[in-house]
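Sharing a structure with you now.
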2 protein chains.
Amino acid sequence: MTSPGAATAPAKRGRGEKSSATIYDIAKLAGVNPSTVSRALSKPGRVSAKTQKIIEDAAAELNYQVNPFARALPTGRTQTIGLIVADITNPTFFDIIRGAETTGSARDYTLVLAESAESPETEVTAARRLLSTVDGLILASPRMDDDHIRALAADKPVAVINREIRGVPCVVPDVNKGISEAVRSLAANGHEKLAYVAGPKQSWMTARRWEGVKAACEWSKLDAVRLESSKPTVDGGRQVARDVLDSGATAVITYNDLLAIGLMQELQAGGMRVPDQISIVGFDDIFGADFTTPALTTVRSPLGECGTRAVTILLDMLQGHDAPDEAVRVETELVVRGSSGRLLA
Amino acid sequence: MTSPGAATAPAKRGRGEKSSATIYDIAKLAGVNPSTVSRALSKPGRVSAKTQKIIEDAAAELNYQVNPFARALPTGRTQTIGLIVADITNPTFFDIIRGAETTGSARDYTLVLAESAESPETEVTAARRLLSTVDGLILASPRMDDDHIRALAADKPVAVINREIRGVPCVVPDVNKGISEAVRSLAANGHEKLAYVAGPKQSWMTARRWEGVKAACEWSKLDAVRLESSKPTVDGGRQVARDVLDSGATAVITYNDLLAIGLMQELQAGGMRVPDQISIVGFDDIFGADFTTPALTTVRSPLGECGTRAVTILLDMLQGHDAPDEAVRVETELVVRGSSGRLLA
DNA sequence: CAATATTTGGCAACCGGTTGACAAGAGGGG
DNA sequence: CCCCTCTTGTCAACCGGTTGCCAAATATTG
């Protein structure tokens with residue numbers, strides 16, 4: 001309003017007429033120096049209680065809000081955290097996103113979202129771009145290689161979900177508990193041969209899960225066979241049905257729920273009865289896993305908790321705490337629904 | 001490096017050692033003035049081709065990246081758009097988020113996500129907070145009242161999805177086509193009485209859908225009755241099953257797919273056969289709608305497209321285009337799956 | 001009550017770009 | 001050959017906070 005030259009600047013600035021109040025406005029109103037205002041509003045006990053009050057009142061009156069960019073410029077702090085997911089389409093990530101958003105905004109951090117479309121290159125680009133504008137970065141099921149991730153982590157706090165990388169804070173579901181529950185339950189129900197339908201080769205997790213299945217089967221004296229899927233989707237599940245039947249397995253554990261659902265649909269379409277003739281166990285307990293008939297038995301990974309934990313680690317690091325030097329493990333558990341059960345020979 | 005006083009500033013800055021290159025570094029390397037660098041890198045033909053080249057090479061060599069905050073400070077442009085959804089839990093929004101993210105990042109905009117947890121107050125707060133840091137804001141199914149939204153829109157470009165507000169650019173699925181297809185199909189299959197299970201009272205959409213159903217039923221000479229649900233979730237669907245049975249309707253259209261799924265589960269649990277005894281049609285075609293048995297017939301709203309369109313409108317406005325003065329309507333269509341069909345008396 | 005320790009507030013530089021005003025240099029016309 | 005116009009680069013102010021350093025004000029202490 002009082003700004004000179006306002007007449008010569010023809011509505012160029014994008015911020016509406018009433019640019020919001022600055023610390024200079026407050027300073028004028030409160031009769032102090034701008035720097036004092038800045039201190040009153042950020043540093044805790046740096047100014048006297050009296051001045052503090054005056055300034056706060058003035059700020060309230062002008063209904064002041066800090067300009068995040070002005071603050072970010074000299075300090076580098078932005079109050080945002082970035083989250084990169086491999087594929088926004090994939091419901092697995094929904095819970096992670098939700099957990100991260102909720103936890104972040106509870107501590108006054110805003111979530112910035114990007115996706116890599118499953119491409120390592122896109123992922124690196126997106127990560128680089130984000131990294132410069134956020135205080136910390138979360139990579140959920142990253143597709144880029146370890147060294148890239150370490151390079152990012154050298155720059156700013158980074159937390160990784162669903163993958164374990166030495167030297168970088170990680171949050172990883174510990175699949176063993178859930179898997180051994182699943183395998184034990186299948187063994188108890190009379191199954192003797194089990195197939196594992198694997199996921200994408202680049203996925204760190206698919207290897208961990210297969211190891212877990214193999215180990216548990218050995219323990220329970222089950223036969224374990226590994227089958228490959230073309231892609232970790234419902235469609236991929238449909239396509240692998242033939243192989244499953246050919247394998248002679250009567251129980252199947254899949255890399256994820258989508259595969260399980262597709263597989264179940266295809267098998268049922270072919271006249272198989274689930275779980276009477278074949279038991280199916282998925283992974284993750286995604287949204288919709290209980291929509292099927294029978295509802296899907298699955299090893300639940302607490303993905304929302306992964307998001308929450310990752311954010312917490314990040315924010316702690318930002319406050320100067322050390323990163324946990326071991327990967328944080330969250331428990332998985334078997335959720336028994338209708339798709340697994342006694343084998344009726 | 002050459003900066004004086006570097007010794008006195010003891011590693012305070014949070015940005016790793018090698019703070020990235022600035023236009024000043026480029027200027028030095030290229031032997032020109034920083035402002036020339038700035039112009040070369042942003043304004044199109046403001047500098048000579050020769051200087052342009054020199055500067056670009058220098059920038060490449062230093063592997064320069066603009067500091068978004070430094071740019072945002074004087075210009076107000078941030079290259080980000082905000083998206084506020086009522087509930088991250090709700091799969092309806094997944095597609096919107098995906099559409100918005102994809103479209104935005106294709107045009108070099110980053111998506112900033114916030115949720116309102118279905119609370120109008122939280123929503124207003126989140127919107128205010130976001131508005132100051134983004135170039136434009138998308139409100140998906142906003143819960144706040146019209147005036148609040150208009151106030152936001154007065155400040156910066158705002159686009160609304162799933163609600164129509166005069167004077168604010170909106171993207172709204174036009175439910176009529178999908179609904180009339182649904183009702184006509186039900187009528188053709190021998191149904192004479194239809195129930196509409198409504199959603200939350202504050203939802204603008206639930207009213208539109210009920211109007212559409214009523215009108216289509218009149219046209220097709222069907223009896224239409226409206227039932228209320230406690231909440232628009234699977235659970236809410238289960239709870240309304242009793243009312244549906246009592247109503248005597250043989251066909252049901254629900255406010256959304258979650259209600260439809262819950263309703264179908266409950267009815268089937270009670271021994272009803274779908275669709276032989278009762279047909280069920282949902283709304284939105286969310287992820288998982290085809291996981292059920294039978295798969296859910298539903299009126300698809302192209303939610304991904306809504307996200308895309310909203311972003312497009314916003315970015316166009318940012319480039320100085322006018323906002324469309326009419327709400328943008330996207331088509332809905334009936335997706336026939338197994339849950340609707342001929343009534344077997 | 002003077003001398004010293006501690007608060008508290010002000011000054012000014014800085015973060016890294018953008019942009020209006022201007023001057024030097026290049027090119028064109030009479 | 002001179003004057004005028006157009007291009008191109010430079011200067012300097014500015015966006016809105018933060019923070020090191022210093023001095024004034026106040027509190028503490030002998």
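To find a chain, count down the sequence lines: A is the first, B the second, and so on, and within it residues start at 1. For the numbers below, each heavy atom of this structure counts, side chains included, while hydrogens, waters and symmetry mates do not.
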Worksheet item: Starting at NZ of B:K50 and ending at C1' of C:dG25, how long is that distance when rounded to a whole Å?
Response: 12 Å
Worksheet item: DNA chain C: A:Y24 or A:A49, which has the more 5' nearest nucleotide?
Response: A:A49
Worksheet item: Between B:G31 and A:Q65, which is nearer to the 5' end of DNA chain D once each is assigned its nearest nucleotide?
Response: B:G31
Discussion item. To check you understand the geometry: which heavy-atom pair defines the closest contact between A:T78 and A:T133, and what is its length?
Written reply: OG1-O, 3.4 Å
Fill in: Polar contact flag, side-chain donor to acceptor under 3.5 angstrom, A:R71-A:S42
no
Discussion item. Counting C-beta onward and ignoring hydrogens, is there a side-chain heavy-atom pair between B:T22 and B:N67 closer than 4.5 Å?
Written reply: no
Discussion item. Of the options C:dG9, D:dT19, C:dG17, whose atoms approach the side-chain atoms of B:R71 most closely?
Written reply: C:dG17
Practice prompt. Using whole Å, report how far CD1 of A:I23 lies from P of C:dG9.
Written response: 15 Å
Worksheet entry | OP1 or OP2 of C:dC15 under 4.0 Å from side-chain N/O of B:N67 | no
Item to complete: Could you work out which one of D:dT18, C:dG20, C:dG17 sits closest to the side chain of B:R39?
Response: C:dG20
Item to complete: Answer yes or no: does a side-chain N or O of B:Y64 lie under 4.0 Å from OP1 or OP2 of C:dG17?
Response: yes
Worksheet item: At under 4.0 Å, does any side-chain N or O of A:S48 touch on OP1 or OP2 of C:dG9?
Response: yes
Fill in: A:R77 vs D:dT19: side-chain N/O to OP1/OP2 distance below 4.0 Å
yes
Item to complete: Ignoring backbone atoms, test whether A:S35 places a side-chain nitrogen or oxygen under 4.0 Å from the OP1 or OP2 oxygen of C:dA12.
Response: no
Worksheet entry | Ionic contact status for A:D316 with A:R107, cut-off 4.0 Å | yes
Worksheet item: Are B:S38 and C:dT18 close enough that a side-chain N or O sits under 4.0 Å from OP1 or OP2?
Response: yes
Worksheet item: When you check the phosphate oxygens OP1 and OP2 of D:dT19, does a side-chain N or O of A:K43 lie under 4.0 Å from one of them?
Response: yes
Practice prompt. Output the single nucleotide from C:dG17, D:dG16, D:dT10 whose closest atom is nearest the side chain of A:T22.
Written response: D:dG16
Worksheet entry | Whole angstrom value for the distance that separates P of D:dT10 from NZ of B:K28 | 15 Å
Worksheet item: Considering only side-chain heavy atoms of B:V32, which listed nucleotide, D:dT18, D:dT10, C:dT19, is closest?
Response: D:dT10
